[in-house]
Number of protein chains: 2
Amino acid sequence: MTRDVHPRILIVEDEKDIVQVLEFALRQAGFETVSARDGGEAFARIREKAPDAVILDLMLPDISGTEICRQLKGNARTATVPVIMLTARSEEVDRVVGFELGADDYITKPFSVREVVLRVKAILRRGVAGEAPPREQVGPIRLDTEAHRVFVDSQEVDLTALEFRLLETFMARVGRVQTREQLLRDVWQMTGELQTRTVDTHVKRLREKLGSGRDLIETVRGLGYRMSDPAEK
Amino acid sequence: MTRDVHPRILIVEDEKDIVQVLEFALRQAGFETVSARDGGEAFARIREKAPDAVILDLMLPDISGTEICRQLKGNARTATVPVIMLTARSEEVDRVVGFELGADDYITKPFSVREVVLRVKAILRRGVAGEAPPREQVGPIRLDTEAHRVFVDSQEVDLTALEFRLLETFMARVGRVQTREQLLRDVWQMTGELQTRTVDTHVKRLREKLGSGRDLIETVRGLGYRMSDPAEK
DNA sequence: GGCATTTGTGACGGGAGCGTGACGCGAGTG
DNA sequence: CACTCGCGTCACGCTCCCGTCACAAATGCC
């Protein structure tokens, strides 16, 4: 893994059109791209030079994407390379499978190119970092997971279960941008396709309860939201 | 048991895929992992160095997981190591059996990796099922476990056996939210699928007897119930 | 500056979650 | 056998929360 100015993205996908579109968009966005039509090619490309991230179609001519993913994640040298799964079916089963295999993100077809680029950026930014437990204290906010209580300036504030989970998620990833899609996955468990605006509303409510004065949760236009520690600057 | 920065988790499971996936996820989450394919290997690993927790498949090639669990729990040196059972069948019978054997938690296949990681964290946090003994006094309530009596403001109240166990459970975990599922497990021993609303009813009765005025047992909407010490704030 | 896109915000309707009272059953007791 | 007591279940009603919408504000782009 090189991680220089132009991260190298490997696209494993047999449909030529899709590859072309993705390569164009990713290069536009400043990435270096390589592509493979099937599993064999994919491993060859990886052997040449490990990519910084892999976009992996679930359905491939020879071995399935799941198998590739499993092998990638099983190998110490490549286990840390983030994998984004492309899947045609949006059933929850497939997604879970994807995650059970260790994929780091997934996108269902049809997808917007814009979305893919955002996901790639997001995943490179956050690294493959596994779920860290939430920080207990960030700025004036203290979170007691066991008791399920939140204090701002040692003053308890009442949050609903959902708001609590949302805050928990932010505090587990302090300093990193969370896309609406990530939040929908982690907080809402993504059951049955939700409007993304739902996230906005709940961020608003959370902001209100945490004290609207200070902006503890920042908006990152075009991407999502972020909570940063005022101490780390 | 070492309990340093990276708790050691032993995975006993014969299916290689599952082992691989679990090892990856747990390592991501900051655990050290060891695995064993059968009972013999499992005991060998344990002899080398006792793990901080064991994830144990019920179905194994040589001796069954139940037998391993029984032996673990029967041995003084390993009795305190928490065991999480993996079971393919979700029938209640198996669960009970699991608990009768002394397993500390169980997960039914298919499971999400996320869930496994969460359970492992939870079980390490709370320590072995060897729960802390209940507090004697919380606010105005005094609990005499031996004599099986309860006093509120030094005024005795009589509780039924079930109510007593419920109160005991709350007082053993003061300040922590208890979900209905947890309560069903700990108080009701989860015999044969109970309605969760049963918990509500008994909490109501308990509240009544403890004096409905003060809210000694709080409702945490969407989650469960919590008893907190008014002194600790 | 004008336009398009993204985000903030207030309001609202439906529904989930919970408190509560009542009921029936079974076990124990006289 | 009649009575009591404890427990699990149910149904009703109420409150609060959540998802969505429509519109305002803000931001970015040409």
Side-chain angles (χ1 to χ4, degrees), chain A residues 28 112-115 117-118 148 150 157-167 169-170 177-227, chain B residues 92 148 150 157-169 177-227:
Chain A
Q28 281 297 86
S112 78
V113 175
R114 184 181 139 79
E115 192 187 357
V117 175
L118 287 179
H148 218 262
V150 178
V157 291
D158 253 6
L159 298 187
T160 67
L162 192 69
E163 288 160 357
F164 192 89
R165 286 223 300 283
L166 183 56
L167 177 60
T169 307
F170 277 119
V177 175
Q178 305 288 98
T179 66
R180 289 175 178 73
E181 289 73 23
Q182 271 171 35
L183 292 170
L184 283 172
R185 258 219 332 262
D186 298 342
V187 179
W188 277 260
Q189 255 65 254
M190 200 69 155
T191 49
E193 298 300 334
L194 235 47
Q195 302 283 40
T196 55
R197 295 307 309 273
T198 301
V199 177
D200 299 40
T201 304
H202 283 274
V203 166
K204 170 197 183 298
R205 288 173 185 158
L206 188 54
R207 278 171 168 163
E208 248 170 21
K209 292 198 182 179
L210 295 180
S212 19
R214 36 216 154 179
D215 22 319
L216 296 163
I217 301 170
E218 310 154 69
T219 305
V220 182
R221 198 185 166 83
L223 264 179
Y225 297 96
R226 173 181 54 204
M227 175 166 190
Chain B
E92 201 49 37
H148 222 263
V150 179
V157 293
D158 55 55
L159 301 185
T160 67
L162 191 66
E163 287 161 357
F164 191 85
R165 285 225 299 284
L166 182 56
L167 177 59
E168 224 178 359
T169 306
V177 173
Q178 307 284 85
T179 66
R180 289 175 177 73
E181 288 70 26
Q182 271 170 37
L183 292 170
L184 282 173
R185 265 219 325 262
D186 298 343
V187 179
W188 278 260
Q189 285 10 288
M190 198 72 152
T191 49
E193 292 298 338
L194 235 46
Q195 301 286 37
T196 55
R197 296 305 310 270
T198 301
V199 177
D200 299 39
T201 304
H202 283 274
V203 166
K204 170 197 183 298
R205 290 173 183 157
L206 188 54
R207 277 173 169 164
E208 253 169 18
K209 293 198 182 179
L210 296 180
S212 19
R214 35 209 147 191
D215 24 321
L216 297 163
I217 300 170
E218 308 154 74
T219 305
V220 183
R221 191 177 230 268
L223 268 176
Y225 296 98
R226 173 184 57 200
M227 177 170 186

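The figures that follow rest on heavy atoms only: side chains count, while hydrogens, waters and symmetry mates do not. Keep in mind it's a predicted model, so treat the numbers as computed, not measured. Throughout, protein chains are lettered first and strands after them, A, B, ... in sequence-line order, and every chain is numbered starting at 1.
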With a 4.0 Å cutoff (strictly under), does any side-chain N or O of [X] reach OP1 or OP2 of [N]?
{"X": "B:Arg207", "N": "C:dT20", "result": "no"}
{"X": "A:Trp188", "N": "D:dG19", "result": "yes"}
{"X": "B:Tyr225", "N": "C:dG17", "result": "no"}
{"X": "B:Thr160", "N": "D:dC7", "result": "yes"}
{"X": "A:Arg205", "N": "C:dT9", "result": "no"}
{"X": "A:Thr201", "N": "D:dG19", "result": "no"}

Spacing between [X] atom [atom1] and [N] atom [atom2], to the nearest angstrom:
{"X": "B:His202", "N": "D:dC5", "atom1": "NE2", "atom2": "C1'", "result": "13 Å"}
{"X": "A:Asp200", "N": "C:dT5", "atom1": "CG", "atom2": "C1'", "result": "13 Å"}
{"X": "B:Arg165", "N": "D:dG8", "atom1": "CZ", "atom2": "C1'", "result": "14 Å"}
{"X": "B:Leu159", "N": "D:dC5", "atom1": "CG", "atom2": "P", "result": "16 Å"}
{"X": "A:Leu223", "N": "C:dT5", "atom1": "CG", "atom2": "C1'", "result": "15 Å"}
{"X": "A:Leu183", "N": "C:dT7", "atom1": "CG", "atom2": "P", "result": "12 Å"}
{"X": "A:Glu181", "N": "C:dT6", "atom1": "CD", "atom2": "C1'", "result": "13 Å"}
{"X": "B:Arg180", "N": "C:dG19", "atom1": "CZ", "atom2": "P", "result": "7 Å"}

B:Asp158 vs B:Thr196, nearer the 5' end of DNA chain D by closest nucleotide: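 Closer to the 5' end of DNA chain D: B:Asp158.
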Side-chain ion pair, A:Asp200 and A:Arg180, N-O less than 4.0 Å: yes
A:Arg185 and A:Glu181 ion-paired at < 4.0 Å: no
Among the nucleotides [options], which one has an atom lying closest to any side-chain atom of [X]?
{"X": "B:Arg221", "options": "D:dC18, D:dG8, C:dA16", "answer": "C:dA16"}
{"X": "B:Glu208", "options": "C:dG19, C:dG21, D:dG8", "answer": "C:dG21"}
{"X": "A:Lys204", "options": "C:dG10, D:dC7, C:dC18", "answer": "C:dG10"}
{"X": "B:Leu162", "options": "D:dG8, C:dT7, D:dT20", "answer": "D:dG8"}

A:Leu206 CG to A:Tyr225 OH distance, which is reported to the nearest 0.5 Å: 11.0 Å
Check: B:Arg197 side chain, C:dG19 base, donor-acceptor under 3.5 Å: yes
Candidate pair B:Leu223 and A:Phe164, rule side chain to side chain contact (heavy atoms under 4.5 Å, CB included), full reasoning: CA-CA 11 Å; B:Leu223 268 176; A:Phe164 192 89; 6.0 Å; no
Sugar-phosphate, base or nothing in reach of B:Thr219, heavy atoms under 4.0 Å: sugar-phosphate
Heavy-atom pair with the smallest gap, counting every atom of B:Lys209 and B:Glu163: NZ-OE1, 3.0 Å
Validation row: A:Phe170, A:Leu216 side chains within 4.5 angstrom (heavy atoms):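 They are not in contact (no side-chain heavy atoms under 4.5 Å apart), so the answer is no.
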